[in-house]
There are 2 protein chains.
Amino acid sequence: MKIAVDVMGGDFAPKAVIEGILLALPSLSNNEIILAVGPRDTIQSILDEHHYSGTQIQIIHADQVIEMGEHPTRALSQKPNSSIGIGFGLLKEGKADVFASAGNTGAMMVGSLFSVKTIEGIQRPAIAGFVPQTDGKYAVMLDIGANADCKPEMLEQFAILGSVYFEATTGIKSPRVGLINIGEEEQKGSILAQATHALLKANSKINFIGNIEGKDFFKGKADVIVTDGFTGNIMLKMGESIYNIMKDQGMTNDFVENTNYEKYGGSPIIGINGNVIIAHGASSPVAIKNMIGLCKSVVESKVCEKIKGIIENK
Amino acid sequence: MKIAVDVMGGDFAPKAVIEGILLALPSLSNNEIILAVGPRDTIQSILDEHHYSGTQIQIIHADQVIEMGEHPTRALSQKPNSSIGIGFGLLKEGKADVFASAGNTGAMMVGSLFSVKTIEGIQRPAIAGFVPQTDGKYAVMLDIGANADCKPEMLEQFAILGSVYFEATTGIKSPRVGLINIGEEEQKGSILAQATHALLKANSKINFIGNIEGKDFFKGKADVIVTDGFTGNIMLKMGESIYNIMKDQGMTNDFVENTNYEKYGGSPIIGINGNVIIAHGASSPVAIKNMIGLCKSVVESKVCEKIKGIIENK
């Protein structure tokens, strides 16, 4: 397995990224190779500082960087030798099994659409986020920000994408799908939520358990949480803020620890012809280590192939 | 001041409501009268149990009850002698300065629109919720559920309504208005959020500080948080769930305590020609006591009159 990592992505890159890769190495088997994408000399000097001289980290030279604030499409076309541009090249050519970055989220999304492209039959790929549950497990929520405005049919596909992802990565059959809404009854909520409820209820491919409210978000009611990218982004970030608030106040326990985004390592883009992970901009070395674990999980579970199978057999 | 309270509203009515009224009595001055709306005999017997024989609680007989699950409009027209129907009658006729209930939220909303009616010039009234902040203060968020689908112009009015409410009840001038969105930059977010951002930025009547994200929700960035009723309802309920989760896990501190909805007593409906408070369905006696405190606050601060002044002088 070849895991391409954008060494220049994130607020603390390249140092935090390379240190995260080094942290991940002991958990990798010999045939799991990290392709560290970024400026050769910079990467080499940080590896030297850490006295690394192995062969499991291979440097793929990229001498440009897409900054966090840059316009995604423009940056990708103007910087073909950026670490993100080169990373997507590796993925498209099959030289990497997965590409991950803590850099410009928009560029990662646009890069996915332009290189490996959306799976045929999928209206819009989604970004999936992990939501800690009070029972110690987690739910997968999608979309968490790629699609701020959604149609009911998009949310219906997100339910299928999330179900395949959850089953493939956890082994739990027929995961419970919940729709975020402002009441339990099916006639409650926005026009979008009402129309989506009807579609999910009628869809025999998923195990739809009905609406779930804000108060149920952490309560272990659903394995797959379906919502538009606006609502999902706000809920996910609000959930993550619990960790910082409690830490600042000197309080912690298992649940609070599980609201720390570092634990999950990032968010897969689902619905494209390849494995792409977007990590948190503020990723620490521990977050990067877990990002690499997430990369392994999506490759090993063959999520992408399974989604293609389901969508094509529609 | 006459405060009409629906004794039959809420999961634990009438007992919890009457006990809440009794808890509130010591904080009321002699000329602050509670109009307890509900079945005379039932109310009297609970007051007798508590050995109450004063005159500050006056029973207003109502022999019908609108249940939690009933269709609001139908229930109000079929049950004119319900406690909610009678309560709105008192409000409309000026026999009460404020009406509060922990009962059917939809019926409280519809009752407001049919009896005291929307202030001329207001597109849609909003329900305001209180959001605890990590600095110990609170922000006012609207809408929290009356309007699941909103237009930019509605959100612009919510910003004005919230600003007037916040200033009138706290005395803090030019409260900071934040728009819930999925990024800080003005071009980020849903079509609704982008269009609303432009309107808020151009509106000289409010102190618009820009977008605030899910991660900022509790962080003291804004005094007035503007969003549609779908997003607001989900955020508020998610915030309230922190209290139950932490309590279940035996953890608490000032911030966690402030996520307990009981503290705030309810949510005012803003933008109507009268003072109406909707309390949480699960209201305990303490919550009802605080609901009565909130009733006093909205009457004393003359929010309703101030909003009319602002809107009519547009």
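Keep in mind the model is a prediction, meaning the values are calculated, not measured. Naming convention: chains lettered A, B, ... in sequence-line order (proteins, then strands); numbering from 1 in each chain.
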Can you say whether [X] sits under 4.5 Å from chain A via the side chain, the backbone, both, or neither, judging by heavy atoms?
X         : answer
Lys219(B) : side chain
Asp254(B) : neither
Phe230(B) : both
Thr105(B) : neither
Ile180(B) : both

task: State the CG-OG1 distance between Asp223(A) and Thr170(A), to the nearest 0.5 angstrom.
output: 7.0 Å

message: Please classify the contact between Asp216(A) and chain B as side chain, backbone, both or neither, with a heavy-atom cut-off of under 4.5 Å.
response: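 Neither part; nothing is under 4.5 Å.
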
message: Looking at Glu240(B) and Lys237(B), is any side-chain nitrogen of the basic one under 4.0 Å from a carboxylate oxygen of the acidic one?
response: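 No.
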
- prompt: Does the distance from a Lys or Arg side-chain N to an Asp or Glu carboxylate O, for Glu213(A) and Lys215(A), drop under 4.0 Å?
  reply: yes

query: In terms of the angle between their ring planes, are Tyr138(A) and Phe166(A) parallel, tilted or perpendicular, with boundaries placed at 30° and 60°?
result: perpendicular

field: Geometric class of the His197(A)/Phe208(A) ring pair [parallel <30°, tilted 30-60°, perpendicular >60°]
entry: perpendicular

Report the option among [options] that has the most heavy-atom pairs separated by less than 4.5 Å from atoms of chain B.
options                                    : result
Asn244(A), Asn181(A), Leu192(A), Leu236(A) : Asn181(A)
Gly239(A), Ala148(A), Ser190(A), Gly250(A) : Ser190(A)
Asp248(A), Ile242(A), Asn253(A)            : Asn253(A)

field: Gln78(A) (side chain) donor-acceptor with Leu76(A) (main chain) under 3.5 angstrom
entry: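 No: the side chain of Gln78(A) does not pair with the backbone of Leu76(A).
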
Side chain to side chain contact (heavy atoms under 4.5 Å, CB included) partner of Phe158(A), chosen from Thr227(A), Thr196(A), Asn147(A), Ile122(A): Asn147(A)

